[in-house]
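The structure displayed is predicted, hence computed values, not measured ones. Along the sequence shown, the residues carry numbers beginning at 1.
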Amino acid sequence: MRDVRFYLKPKYGRSHALIIGINTYIRCNPLSYAVNDATAVRDKLVKDFDFSSEDVTLLLDENATADAIRRAYLRFCNSDIELDDRLLIFFAGHGSTRSGMRGEVGYLVPVDATPDDLSTLIRWDDLTRNIEMIPAKHILFVMDACYGGLAITRTFQSGSARFLKDMLKRVSRQVLTAGKADQQVADSGGPIAGHSVFTGHLLQGLGGEAATPDGVLTASGLMSYVYGKVAADAGSFQTPHFGHIDGDGDFIFRAPKFGSDATSDAIDIDSMLVVPYPDEPTPRSDLPSKILRVKELLSDRERSIELHDFTVDEVKRFLSATGEDAFKSDGTFTIEEVIDRLTRYESHTKDLATIEACIAYWAAPSHRQILRKALARSTDRLDIRGGLLSWLTLRWYPLVIQTYCAGIASTEAGRYDTLSDLLLTEVQSGEDTMTVFRAVSRAIQEFAQAEIFKRLPGHERQYTPMSEYLFKQLQPQLDNALFMGRNYERAFDEFEIMLALVAVDQKLQAHQSAWGPVGRFGWKHQNNTPSPLTQLIDRIKAEGSKSPALQHGLFGGDENRFSEAANKCSAIVSALNWY
C-alpha cells in the first residue's frame, strides 16, 4: 500500500460495512443464529457507532451467494470510499480449511457453495489480495467462523501504549475470527440468548465491556476482550484468532473525549491509551526477534563480543540500504520525493535505532563502546559529494533518528552515562569530524531552513514541526522495546532539552553566538504549562556537583558552565516570537 500517512486526518469521514449472515445453506448443515448475529451487529453499528444505514450492506441467507459477496466486497474498490473512511466486514457462517503444499488455506462458505468444489468457496487471501485496492485507512474483518491460513501479526504487545490521534493517522487492516482451523464454532450457548458464543461476547464488548475507563473502544481492545471471554467460556471449544494483516493503526469505534483536547494547528496535544492485548505467544517479526536477541545478550556481560558482532552486522545492513545507489543526491525537489525519502530512511533505520535504544537503556560499562561504535560507523556513507542541497541534508536524517531513539531511552532510564556517550561520540563526514550533538543540531537547523518538515501535510502551521513529527513517529517502536507508556513524553522532552543545552554550551565555549535546537518543549515553556525546561534546569542545579549529567562529563562537569548554558538557553526560548 502506498504511504498515505501524511494525508490522513485524525478523524473519520464515512463509515462503511458489509454484514453477512447465513443460516440456511443449500448443500451444508444449517446454522441457528448466524442471521441473528449479523442483524444484531448491523443494528449495533448503526445505532451506537455512527454508521449510516445507507452505507451498510446486509446479505442474509439466499442473498449471500458467492457472486453477491464478491460483488459487494469489490464494490468498495470502486465506490466513493475516501482515505479517511473506515470499513467493517462481518461474516457469520461456515468456514473451511484445506491443506496445500505451502500450508493451510482458509475459505468462507457462501450459501450456494458445494463443500467439495473449491471454485464455489471464497478464498480468504482473495479478499486480502484485493484489500490494497480499498482506500479506507482502517479495515476490520470480524469472522464468526473457524478457518486457518491467516497470515497475521501482533503489531501491539500486551500493555502497549499508543496515541489516539496518531492511531487514526496510521493505516490498519485487522482481523478477528471465531476460531482456528481445527476448531468447531459454537453456534449457541453464548452469553446472550439467540446468538453464538463468539458474537454474544462480541456484542457485549461493543456494548461497552471492551472499552477503556474513559469510554474509548478500539478494535484492539475489542479483540482482546473477545479473545479472553470466548477462550474461557464454558460452552466454547474455540480460541479466537486475531491480529493485523497490514499496518499499525487501529480501528476506532468510539472515543468520547477525543474532541475535548485543547489543541491547535501549532500545538499537537493528544491522548494516550494503553492497548489491552492479552498475553499470548505470538509469531515474532524481524524487529521483535532482534530486540529479544539484544536483550538476551545485554543480560550476560560475558557475551559482549556477540552483542558487538550482532550490532555491527545491523550497521552493515543499514549502510548497504542507505547508500548513494538508493538515495541519489541529484534530482528535483518535490514534496512527494521528500515524503518518499523520509519513509525509506525510517524503514532502513528503524531496526538499528531500536537496537541502539536498548543498548543505551541497559548498557553495562563493557557495552557502551558498542553504542559509540555503532553511531560512529553509521555515518560512513556520508562522504562529501555534490548534489541537491536538500537531499544532501536529508542524508543526516538517519543519525537524527538514531540519536533521538538512544537519547530518549537514556533519559527514560536515567542513564546520563550513555547519554553523554551518545552526544559526545565523534562522527565523520568526508574529512570533517564532529560530535553527534553538533552533527544532529546542524542537521536540525538545516532541516528548518529548508522547511523539510514544515512542508509535510499536517505540519505546515506547527511551531516545531520536526519535533512534533518525531514525537509521534518514534513512540510505537520505543514503547514496544522499552514499555515506556506515559513516561515517553517526559523522556522525549528531557532528551530534546539536554540536546539544546549541550549545543548552547558548545557555542558558548567556542565564543560563538549561542543557539540550540528548540523542540516541542519550547511552546510548553511559553504556554504557561509546567515548563519541562525550567523543571530540568532546576533539578540539575539542585543536584549540583552530584548531578549525573555533570558527573558523566556533560558541560565539562562544571556547575558554573551548566548554569551559564541553562540561563542562555532559557533566554533564547523565552525570546522566541511564536504568538
Side-chain angles (χ1 to χ4, degrees), residues 15-47 51-79 81 87-98 105-131 134 139-147 149 175-179 181 183-190 192-200 202-203 206 238:
S15 301
H16 310 264
L18 171 60
I19 310 296
I20 303 161
I22 308 171
N23 284 345
T24 308
Y25 278 90
I26 298 173
R27 303 178 190 88
C28 302
N29 294 330
L31 296 173
S32 300
Y33 300 123
V35 169
N36 282 357
D37 292 341
T39 303
V41 169
R42 188 273 312 270
D43 293 344
K44 178 69 71 173
L45 294 178
V46 172
K47 179 181 178 182
F51 282 71
S52 169
S53 58
E54 289 78 15
D55 290 326
V56 177
T57 299
L58 183 66
L59 298 178
L60 302 177
D61 277 343
E62 67 273 10
N63 293 319
T65 64
D67 182 64
I69 293 173
R70 288 192 181 96
R71 286 179 178 274
Y73 178 74
L74 292 175
R75 190 185 73 248
F76 296 121
C77 303
N78 303 314
S79 68
I81 288 185
L87 169 63
L88 187 144
I89 312 292
F90 177 85
F91 176 87
H94 284 301
S96 179
T97 302
R98 305 298 173 88
V105 179
Y107 294 86
L108 302 182
V109 182
V111 69
D112 56 343
T114 300
D116 295 331
D117 184 356
L118 292 183
S119 68
T120 66
L121 307 182
I122 298 175
R123 183 166 166 154
W124 164 253
D125 53 19
D126 281 345
L127 301 181
T128 59
R129 274 198 296 268
N130 285 300
I131 203 171
I134 302 175
I139 301 178
L140 173 62
F141 292 89
V142 181
M143 304 295 185
D144 194 349
C146 290
Y147 52 88
V175 59
L176 170 65
T177 72
Q183 298 175 338
Q184 182 68 39
V185 167
D187 188 41
S188 60
I192 302 177
H195 293 287
S196 72
V197 170
F198 175 84
T199 299
L202 177 76
L203 291 170
L206 290 171
Q238 64 205 69

Are the side chains of [X] and [Y] in touch, meaning some heavy atoms are under 4.5 Å apart?
{"X": "Asp61", "Y": "Val35", "value": "yes"}
{"X": "Asn130", "Y": "Phe76", "value": "no"}
{"X": "Phe51", "Y": "Arg42", "value": "no"}
{"X": "Tyr107", "Y": "Leu118", "value": "yes"}
{"X": "Leu59", "Y": "Val111", "value": "no"}
{"X": "Pro30", "Y": "Thr24", "value": "no"}
{"X": "Asp37", "Y": "Phe90", "value": "yes"}
{"X": "Arg98", "Y": "Leu121", "value": "yes"}

Carefully, step by step, assess Val142 and Ile89 under the rule side chain to side chain contact (heavy atoms under 4.5 Å, CB included).
-> CA-CA 6 Å; Val142 181; Ile89 312 292; over 6 Å; no
Test log, rule side chain to side chain donor-acceptor pair (under 3.5 Å), inputs Arg70 and Thr65 | CA-CA 9 Å; Arg70 288 192 181 96; Thr65 64; over 6 Å; no
Which heavy atom in [X] sits nearest to a heavy atom in [Y], and how many Å separate them?
{"X": "Pro115", "Y": "Cys28", "value": "CG-SG, 3.6 Å"}
{"X": "Asp117", "Y": "Ser119", "value": "OD1-OG, 2.6 Å"}
{"X": "Ala34", "Y": "Ala92", "value": "CB-O, 3.5 Å"}
{"X": "Gly93", "Y": "Ala145", "value": "O-CB, 3.3 Å"}
{"X": "Phe91", "Y": "Met143", "value": "CB-SD, 3.3 Å"}

Assess whether side chain to side chain contact (heavy atoms under 4.5 Å, CB included) is satisfied between Ile69 and Ile20, documenting all intermediate values.
-> CA-CA 8 Å; Ile69 293 173; Ile20 303 161; 3.8 Å; yes
Measure up the Tyr73 and Phe141 rings against each other and bin them: parallel (under 30°), tilted (30 to 60°), perpendicular (over 60°).
->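 The arrangement is tilted - the two ring planes meet at 30° to 60°.
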Within a radius of less than 6.0 Å around CZ of Arg71, do more than 12 heavy atoms belonging to other residues, nucleotides or ligands occur?
->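 No.
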Out of Thr128, Ile81, Ile131, Leu88, which residue meets the side chain to side chain contact (heavy atoms under 4.5 Å, CB included) rule with Ile139?
->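 Output: one option passes, namely Ile131.
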For Asp112 and Ala66, indicate whether the former's side chain and the latter's backbone hold a donor-acceptor pair under 3.5 Å.
->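 Looks like yes, one N/O pair under 3.5 Å.
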Are any side-chain N or O atoms of Tyr25 and backbone N or O atoms of Val109, one a donor and one an acceptor, separated by less than 3.5 Å?
->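 At least one qualifying donor-acceptor pair exists.
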Asp116: what forms a salt bridge (charged side-chain N to carboxylate O under 4.0 Å, His left out) with it, not counting sequence neighbours?
->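 Not a single residue meets the salt bridge (charged side-chain N to carboxylate O under 4.0 Å, His left out) criterion with Asp116.
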Residues in side chain to side chain contact (heavy atoms under 4.5 Å, CB included) contact with Ala40, at least two apart in sequence or another chain |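 Applying side chain to side chain contact (heavy atoms under 4.5 Å, CB included) to Ala40 gives His195, Leu203.
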Once you round to the nearest 0.5 Å, how far does [atom1] of [X] lie from [atom2] of [Y]?
{"X": "Asn36", "Y": "Asn23", "atom1": "CG", "atom2": "CG", "answer": "7.0 Å"}
{"X": "Ile192", "Y": "Tyr33", "atom1": "CD1", "atom2": "OH", "answer": "12.5 Å"}
{"X": "Leu74", "Y": "Asp126", "atom1": "CG", "atom2": "CG", "answer": "9.5 Å"}
{"X": "Asn29", "Y": "His94", "atom1": "CG", "atom2": "NE2", "answer": "5.5 Å"}
{"X": "Ile19", "Y": "Leu60", "atom1": "CD1", "atom2": "CG", "answer": "10.0 Å"}
{"X": "Ser53", "Y": "Leu45", "atom1": "OG", "atom2": "CG", "answer": "12.0 Å"}

Any donor-acceptor N or O pair under 3.5 Å, side chains Arg75, Thr57 =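 Yes - a donor-acceptor pair under 3.5 Å links their side chains.
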List the steps and the verdict of side chain to side chain donor-acceptor pair (under 3.5 Å) for Asp144 and Thr199.
-> CA-CA 7 Å; Asp144 194 349; Thr199 299; 2.6 Å; yes
Can Asp43 and Val46 be said to form a side chain to side chain contact (heavy atoms under 4.5 Å, CB included), step by step?
-> CA-CA 5 Å; Asp43 293 344; Val46 172; 6.0 Å; no
